[in-house]
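Chain naming here is simple, since letters A, B, ... match the order of the sequence lines and numbering starts at 1 in each.
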Number of protein chains: 2
Amino acid sequence: MATQKRVWLFNEGNASMRDLLGGKGANLSEMSNIGLPVPPGFTITTEVCNDYYAEGGFPSGLMDEIKTALSTVEQQLGKKLGDPANPLLLSVRSGAKFSMPGMMDTVLNLGLNDETAASLIKSTGNARFVYDSYRRLIMMLSDVAFSSDTNHLSKHDFEHMFRDMKAELGVTDDLQVGADSLKELCDRYKAHVKAQTGREFPQDVTEQLQASVEAVFRSWNNERAKIYRAKEHIPDEIGTAVNVQAMVFGNMGDDCGTGVAFTRDASVGTREVFGEYLMNAQGEDVVAGVRTPEPISDLQKQNPAIYDEFDKICNGLEDHYKDMMDIEFTIEHGKLFILQCRSGKRTGPAAVKIAVDMVHEGRITKEEAVTRVSPDLLDQCLHPIIAPGTKYDVLAKGLPAGPGAAAGIAVFSAERAAELGKGGKNQKVILVRADTSPDDLKGMLAAEGVLTERGGMTSHAALVARGFGIPTVAGCAAIRVGDDSFTVGGVTVKEGDPISLNGTLGEVILGTVPVVDPEMTGEFGEFLSYADAVRTLGVRTNADTPEDTRLAIKLGAEGIGLCRTEHMFFEGARRPVVQAMILAENDTERQGPIDELLVFQREDFKGIFEALEGRPATIRLIDPPLHEFLPSLESLIEETATLRAQGKTDAEKEKLLTAVKSLHEINPMLGLRGCRLSIVFPQIVAMQTRAILEGAALVIKAGGEAHPEIMIPLVAHVNELRVVQEDLEKTAKAVEAEQGISIPYTFGTMIEIPRAALTADEIAPYTSFFSFGTNDLTQTTFGFSRDDSDKFLTVYKDRKILPGDPFESIDQTGVGQLMEIAVEKAKRVRPDIKLGICGEHGGEARSIAFCHKIGLNYVSCSPYRVPIARLAAAQAALGKGIADK
Amino acid sequence: MATQKRVWLFNEGNASMRDLLGGKGANLSEMSNIGLPVPPGFTITTEVCNDYYAEGGFPSGLMDEIKTALSTVEQQLGKKLGDPANPLLLSVRSGAKFSMPGMMDTVLNLGLNDETAASLIKSTGNARFVYDSYRRLIMMLSDVAFSSDTNHLSKHDFEHMFRDMKAELGVTDDLQVGADSLKELCDRYKAHVKAQTGREFPQDVTEQLQASVEAVFRSWNNERAKIYRAKEHIPDEIGTAVNVQAMVFGNMGDDCGTGVAFTRDASVGTREVFGEYLMNAQGEDVVAGVRTPEPISDLQKQNPAIYDEFDKICNGLEDHYKDMMDIEFTIEHGKLFILQCRSGKRTGPAAVKIAVDMVHEGRITKEEAVTRVSPDLLDQCLHPIIAPGTKYDVLAKGLPAGPGAAAGIAVFSAERAAELGKGGKNQKVILVRADTSPDDLKGMLAAEGVLTERGGMTSHAALVARGFGIPTVAGCAAIRVGDDSFTVGGVTVKEGDPISLNGTLGEVILGTVPVVDPEMTGEFGEFLSYADAVRTLGVRTNADTPEDTRLAIKLGAEGIGLCRTEHMFFEGARRPVVQAMILAENDTERQGPIDELLVFQREDFKGIFEALEGRPATIRLIDPPLHEFLPSLESLIEETATLRAQGKTDAEKEKLLTAVKSLHEINPMLGLRGCRLSIVFPQIVAMQTRAILEGAALVIKAGGEAHPEIMIPLVAHVNELRVVQEDLEKTAKAVEAEQGISIPYTFGTMIEIPRAALTADEIAPYTSFFSFGTNDLTQTTFGFSRDDSDKFLTVYKDRKILPGDPFESIDQTGVGQLMEIAVEKAKRVRPDIKLGICGEHGGEARSIAFCHKIGLNYVSCSPYRVPIARLAAAQAALGKGIADK
């Protein structure tokens, strides 16, 4: 039950009351109080919306309170709702705490009926205006209050009737329809309502009002509103307020008009009023696109006095709100009214520029600036985008797996991509695959963008895409990828056909759209320096090469949080050596290839330490199952069966098949990998440890610094760590002795198995650091394989079974609980333990806020997420991040 | 540091002091105190053993305390250690709290040197006896105290020298070697010690004594002792005591002898003294098997006086210890000495009979009887065994995956097993496979026993084996299984060759051994009734058929704890229907096969409810991924590739290949299964729910009772449960309405995913019961796939990385911690929630004790484990189970 006053006049509230009055209501109150020309009205609180759902109907006594507020408005204006002598017309609009543009219902021109319409025609002498308003009311109110699955009272149905009439009249433009025809349309509308519902369109204006208010409450839970809230992480239980406001009219003649404007440019952030308006129109016409609105700058020429007044109001609002504002206004017979204002939506680059400019203007502090740009917006600053203003059609939608836009010709194999793309013929290519595997890496790197039919946000393609900043649309289930083409609907795209991707939104576009590179302007760097000044969480990067390392450092990384040593094993020249190592029949035979790899890996690490210039590097020992480095079992079975059937049995292939079969695992994710591999094949990690320390020694001897942190993955039981670490300590000491120098190395472990988290107090005494591997921890805590979970997670998403994708943002209730248990238990026995996170979540804002909260020392993420992590960490430190909504 | 008296004379201790004096020492004290003829001596405490390891050497001052105790013994006997006039000889033996027979070291005849030997020859006039004793001392002390990897002083080396001498003399029996030769042998032994160590064999008897005591301490940590402790779950840190005792001699002539005896028959439990003895011999000769000992009954004829005395002592010991005892005795010149007594090892059937008999004899209470039989021993009562006394050679050893013995001819495919075995030609066959899959079920059921090359204790073969009571040896890595034979070492076993298995010990035997069925005698039932009277934990069974259900009830099950509905899908006639259901392209097409399955499943459940006669049945909805019901991807790829290469492409097969490919998962364990399947394909579980309730309705209408508990598997998030359960509640209500009766059904969930355990407080409000699925919970908590973990768990076992196999006994630290969290959180919000366990652990004694401790209501296990669970639950309730060791 609403615990307090349920209906608030605009001059009774203020901007701080967003929880109770919603964003729109609070701002209408605020603007009224600071003397802006706001048509009078009142707000019904969000609590009433919740009462409406709790009580299952219109709250009792509410209409009385509404009437009391209404009478004040009527006295202010000297008009009365439903009074044929001098009728007041009202708008009824939704308004939740957080803006949900267009998601809920609105009713305009409320108060019109046959009687008041007639009287208004007399008083205004403008029959066309009155019938235009009346037909809009009938349509809107019927749509929101009376339409159902079994009748034809949706907006769409009424618009159809209007189109029919225009066809009858032989006209196309609404303005060409005269007063008589609109009167006739009103009659047709009313008859239609009667026919569909068996009841007359209500002539009782109080009934109109109650129906409108109830419709707005109901629209809080319509499908699109629920989906929007889920997407934007807006809670379902906050409800919407209802704003009832006196109408002013932009459609009463040529000295009337309506428009929307931003106090600054929302695309690029420059400081100038930016917007559009239409003369002789109501607000919805601006949005509907039937008539083309004019730029706000034209208003300056057309009506300099009004424009000046508007400009002054814009400035005043910025002074007052200390933000860039989005304003709706109406001009009624030359008088300016402000109908709404809210914080203006803006692009990432605009958000950064506006925040920095406002610091320079003295409007906000640097800390405030940090809270003004969401991490998602900042991401836009880091990737190529489709040139602003480009219109395009979306052919299919998939998952936004790798942000950024890309355009090029389609190719269907990694080989073709490498041949035609970067490093080959240097054409711009888009690699299209059913899914990708590590074998496709070279082709992916040669492509502008990647499109896959299968795979989720953490599929191989997506991980690589984000790691290397390749615009990627993954899991695009609508397309069918064949060997040399893909189809979607009736369209077939073949090799060489131009396509474009918007990886930020998961869009696939036929043809080429213009793509522009982001500018990391001075404001970008300045803005992030504000963030760095407040954050307490360190930010490292996941990088496996000197190039990535340098890129990440440029983007602000303070070290490497995850260097995956096995990525180096996939490179061309090493692959046969790695295979020889795996296929060796005994330790002696295995030593040869291992010695060869040592030479490669030593150079790898030397390069990385050089790139780091003394920053620390957490290097993970080999993790994946060995069969990942061999051809797939399926392809080998097919090849050998074919050869056998043709009588051309190939002994080498048969031998390889036997080896791959013996390494085959039913659930490789839970098989022989991580530290288990180190225990079964200790030579490999001994080599890696030697390579790391010898690489470090080379750098130190050349006068540099190196801080290797050697990480043992997939520990479930403390003894696994002890056995591996004790062995490797011996190798490390041996290298130090051989090199005759001391190397500041440490050992640590990943916490990525539930049992490790649960027994962190047993593990912590033996190791210097923990790094949470939240990808695997999420897999094991949920029992979800991220390679296979698409099939059901899509259904889960549709049915809202999970609050979000746990591979995208940390599941704080389950996975997070394990992390908290691990942090608490580890710190109890080892207060100085260093704690980090290196899963994909390390670059996701809510997860970063969670990591801050539970007391980690740093997060690590792919290079292009580093700026986002810096910002999210700062917002978390200020308690004003995404998680504090 | 030992906190108290370090050396205890036998008359200073008693039987309750096993912790401090070890089992042997405590019993020697006890026997001394009750006046039995025990040679005097003293015990060095187990704490001293720990001091030895803590200090890294012989504890200071200890020799003084030993000498003090020794002097008391010397006074008692009027002899002195090392005194040439009247030398005392000593034995030095290990003795831990728990018996570890033969694992640690012993030194006999200590105190002999050249001088005392000469004097003893004089006093006894028996030079042969003295040199025989002397050569034994030199061999034993050298073996335990002076041998090393780099010398040749092991017992084996000395025995070799003895064999050489016998060869020189042309004799085979030790007794044929005369005094002079033995003297010569002693000289050769001494020379050999000198040659190998550079030092003389110690003539100083105090040095002999200290070396012997230290050797016993050291033997606590020899390899075989460590392995034995690991196997028997004996802690490493309890240490061994050392017993120093005056020697008596069974080898001084024909009026001397030595033997071991049990106070009752250790094989079958009948109440008669049972044992063996040898005249003119030392104890080790009885064990060594060089001479064949005589049955103890012969002693009655040979020396009735001695026998009577011995029989009286046996009776007295049983009265005193209230247990069947294992006794070592020596007769020296016609005088009987008791050298050791301990609780006698016995077979399962004997253990049960003795416990029940002792209750009847008034020696022990029923509760005490319950603690007298370990669950492992009880298991022996439930399976066929190799006829007691049969000698056989073990060809290879694997995992004891399914207890019991079996003999038959080898077959190498499930088809052949079905053709030749039970239900076919009714020959006795042993099915030998590289590994088994659900396809092999029919063949497994037709076989006497199963042998597999691969797979662990919870592999498919092992699960089926235990479920159906099929003697099975799994994971027998030594054998190589081909298509129609297996090889091991040089031996090849082909189809039709006779082999035998001892599944209880994991042994594979060439040829046929006699196998006898267990008798579930009256004592067995009576014994378990004692257990039922004290246990508080319920015992249910895992059963999928009416036959299994009836068997389990006969074995004491109180209901079904896990009925796996999908097992019914594998049966012959249903397989094509199930495949049609899976391959259907849409829901409409799918409905046909589903309707067909409904008819089958309704009958299944009706039969099960009838068999249960009103007992509850927890029925799990379909759990495994659907591809398990289709042919394997590998085999299809091979078939289609072969056909294609031969130009004989088969459209049906190609279509099946496409379907199987689309269902293929990289980690099926973490894929589309359990409740995820119910959410994606709701029709299947709707059918199952309907079948369950319609089956129940049929039974109720026929005047019976049915209590279905429908279980939703693999829940990770409460919403998964809610969505599935809400749907199925509707089906259930619909069936009730159609049938016009009320059915007492409930819904519940499995807790088998870490996240479910961590969020039990969110889940519990929506459901009536939890059943812990500890197989999957162990897999996800450790990140171990039980299908793939053999490869590393074998290494882990060898290197003692894990304290035990977590798939065998619950990992209480990790998995158990999650269970405790779940129990605590669930009970907090729903105190009346019913809690059970249905993983394989539900039939394992330590796990059952843990379930009792954390407050579960019941355990559920395969039928043949039900009696074991009843016993383990009772022992847990008495606080005297295996976990209380």
Under 4.5 Å to a heavy atom of chain A? For Gln817(B) that would be side chain
Residues Val680(A), Lys791(B); criterion side chain to side chain contact (heavy atoms under 4.5 Å, CB included); working and verdict
CA-CA 8 Å; Val680(A) 176; Lys791(B) 277 177 198 155; over 6 Å; no
So, the part of Thr642(A) with a heavy atom under 4.5 Å from chain B: the answer is both
CZ of Phe792(B) to CD1 of Ile679(A), rounded to nearest 0.5 Å, is 9.5 Å
Under 4.5 Å to a heavy atom of chain A? For Ser635(B) that would be neither
Counting heavy-atom pairs under 4.5 Å with chain A, the top scorer among Val815(B), Thr640(B), Val723(B) is Val723(B)
Residue from Val715(A), Ile801(A), Leu818(A), Asp811(A) scoring the most non-hydrogen pairs under 4.5 Å with chain B is Ile801(A)
Self-check item: Heavy-atom donor-acceptor pair, Asp788(A) side chain to Glu665(B) backbone, under 3.5 Å
Solution: no
Max heavy-atom pairs within cutoff under 4.5 Å with chain B, candidates Arg673(A), His664(A), Glu639(A), Arg722(A), goes to His664(A)
One should read off an interatomic distance between Phe782(B) CZ and Thr780(A) OG1, to the nearest 0.5 angstrom, of 12.5 Å
Exercise. Is the side chain of Asp787(A) donor-acceptor paired with the backbone N or O of Ile666(B) at a distance under 3.5 Å, no angle test?
Worked result: no
Less than 4.5 Å apart, any side-chain heavy atom of Leu670(A) and any of Phe784(B)? no
In this structure, OG of Ser662(B) is separated from CZ of Arg454(A) (nearest 0.5 Å) by 9.0 Å
Note: vs chain B, highest number of non-hydrogen pairs under 4.5 angstrom among Leu802(A), Thr781(A), Leu714(A), Leu793(A) is Thr781(A)
With a 4.5 Å limit on heavy-atom distance, are the side chains of Glu638(A) and Glu634(B) in contact?
-> no
The interface call for Asp776(B) against chain A, heavy-atom contacts under 4.5 Å, is neither
Per-residue tally against chain B (heavy atom, under 4.5 Å) across Ser785(A), Ala716(A), Gly814(A) peaks at Ser785(A)
So, the part of Thr813(B) with a heavy atom under 4.5 Å from chain A: the answer is both
Requested in this report: Give a yes or no on this: more than 12 heavy atoms of other residues, nucleotides or ligands lie within 6.0 Å of atom CG of Asp483(A).
Outcome: no
Turns out that what part of Arg676(A) lies under 4.5 Å from chain B's heavy atoms comes down to both
In this structure, CD1 of Ile637(A) is separated from CG of Leu633(B) (nearest 0.5 Å) by 7.5 Å
Those residues of residues 757-765 of chain A that come under 4.5 Å of chain B on a heavy-atom basis, listed by number, are Leu758(A), Thr759(A), Glu762(A)
Among Ala641(B), Ala756(B), Gly783(B), the residue with the most heavy-atom pairs under 4.5 Å to chain A is Gly783(B)
Turns out that what part of Thr778(A) lies under 4.5 Å from chain B's heavy atoms comes down to neither
Under 4.5 Å to a heavy atom of chain B? For Ile821(A) that would be side chain
Does some side-chain heavy atom of Pro803(B) sit less than 4.5 Å from a side-chain heavy atom of His717(A)? yes
Query raised in the report: So, are Glu720(A) and Arg799(B) salt-bridged, with charged N and O less than 4.0 Å apart?
Result: no
Spell out, as yes or no, whether a donor-acceptor pair under 3.5 Å connects the side chain of Asn667(A) to the backbone of Met669(B). yes
